[in-house]
Participant: 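One structure coming up, written as structure tokens, with questions to follow.
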Amino acid sequence: MINDELRHIVTEFVVEMLNDPRCESILLDAGEDAILDSDLPVLYLDVVGKRCGCTLNIVGGEYSVGIRDRDTDETITTVKGREAWGLRELLVEIKTRLWEDE
């Protein structure tokens with residue numbers, strides 16, 4: 001399982017997205033990192049709103065987030081980090097981006 005601090009933050013975000021009618025799609029996958037052929041815990045989350053989408057990957061204790069334009073599928077922002085507070089702030093920004101211009 002991923003880092004306890006990160007897991008708690010992601011769980012809150014997923015629950016919020018599941019309860020938000022503006023969230024058009026959510027995909028969550030968790031397991032072990034097959035790409036790196038290791039037993040590192042991994043979490044993959046993809047959320048789509050009207051104008052953009054967000055992909056969150058957590059491998060071990062590190063995360064990366066990509067925000068993309070929904071129509072063109074072009075990446076708008078990519079952020080990487082390790083700190084739980086950074087992920088919390090980033091998810092607030094993602095929610096803002098997902099629902100802007102509505």
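Counting from 1, the numbers follow the sequence of the chain as shown.
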Participant: Applying a strict under-4.5 Å side-chain criterion to I, L, V, M, F, W and Y, I'd like to know whether Leu18 and Leu56 cluster together.
Facilitator: yes
Participant: Just how far is it from atom CD of Glu62 to atom CG of Leu6, taken to the nearest 0.5 Å?
Facilitator: 10.0 Å
Participant: If you define the side chain from C-beta out and look only at heavy atoms, does anything of Arg88 sit under 4.5 Å from His8?
Facilitator: yes
Participant: Taking atom OH of Tyr63 and atom CZ of Arg82, what is their separation to the nearest 0.5 Å?
Facilitator: 10.0 Å
Participant: Under the criterion side chain to side chain contact (heavy atoms under 4.5 Å, CB included), I'd like the reasoning laid out for Ser64 against Val79: C-alpha separation, chi angles, the key distance, then a yes or no.
Facilitator: CA-CA 6 Å; Ser64 65; Val79 178; over 6 Å; no
Participant: What about Leu87 and Ile76, same hydrophobic cluster or not, with Ile/Leu/Val/Met/Phe/Trp/Tyr joined at side-chain heavy-atom distances under 4.5 Å?
Facilitator: yes
Participant: Quick one: does any side-chain atom of Asp20 pair with a main-chain N or O of Glu16 as donor and acceptor, under 3.5 Å?
Facilitator: no
Participant: Shortest non-hydrogen contact from Cys23 to Val47?
Facilitator: SG-CG1, 3.7 Å
Participant: Is Glu24 paired with Lys50 through a side-chain N to carboxylate O contact shorter than 4.0 Å?
Facilitator: yes
Participant: Are the side chains of Glu12 and Leu91 in touch, meaning some heavy atoms are under 4.5 Å apart?
Facilitator: no
Participant: Would you say that Ile58 contacts Val10 through its side chain, given a criterion of any heavy-atom pair below 4.5 Å between the two side chains?
Facilitator: yes
Participant: If I take atom CD1 from residue Ile67 and atom CG from residue Leu90, how far apart are they, to the nearest 0.5 angstrom?
Facilitator: 6.0 Å
Participant: Who passes side-chain hydrogen bond (donor to acceptor under 3.5 Å, both in side chains) against Thr72, sequence neighbours left out?
Facilitator: Asp69
Participant: Would you say Glu83 has more than 12 foreign heavy atoms packed within less than 6.0 Å of its CD?
Facilitator: yes
Participant: Would you compute the distance between atom SG of Cys54 and atom CE of Met17 and round it to the nearest 0.5 angstrom?
Facilitator: 9.0 Å
Participant: Consider only side-chain heavy atoms of I, L, V, M, F, W and Y, link residues closer than 4.5 Å, and tell whether Phe13 and Leu28 are in one cluster.
Facilitator: yes
Participant: Assess the residue pair Leu43 and Asn57 against the criterion (side chain to side chain contact (heavy atoms under 4.5 Å, CB included)); give the C-alpha distance rounded to whole Å, side-chain angles, the decisive distance to 0.1 Å, and a yes or no.
Facilitator: CA-CA 6 Å; Leu43 180 137; Asn57 293 292; over 6 Å; no
Participant: Does any non-hydrogen side-chain atom of Ile26 lie less than 4.5 Å from one of Leu45?
Facilitator: yes
Participant: Out of the candidates Thr78, Thr75, Asp46, only one should pair with Arg68 under the side chain to side chain donor-acceptor pair (under 3.5 Å) rule; please name it.
Facilitator: Asp46
Participant: Do Val14 and Tyr44 sit in one hydrophobic cluster, given that two such residues count as connected whenever their side-chain heavy atoms are within less than 4.5 Å of each other, even indirectly?
Facilitator: no
Participant: CZ of Arg70 to SG of Cys52: how many Å apart, nearest 0.5 Å?
Facilitator: 10.0 Å
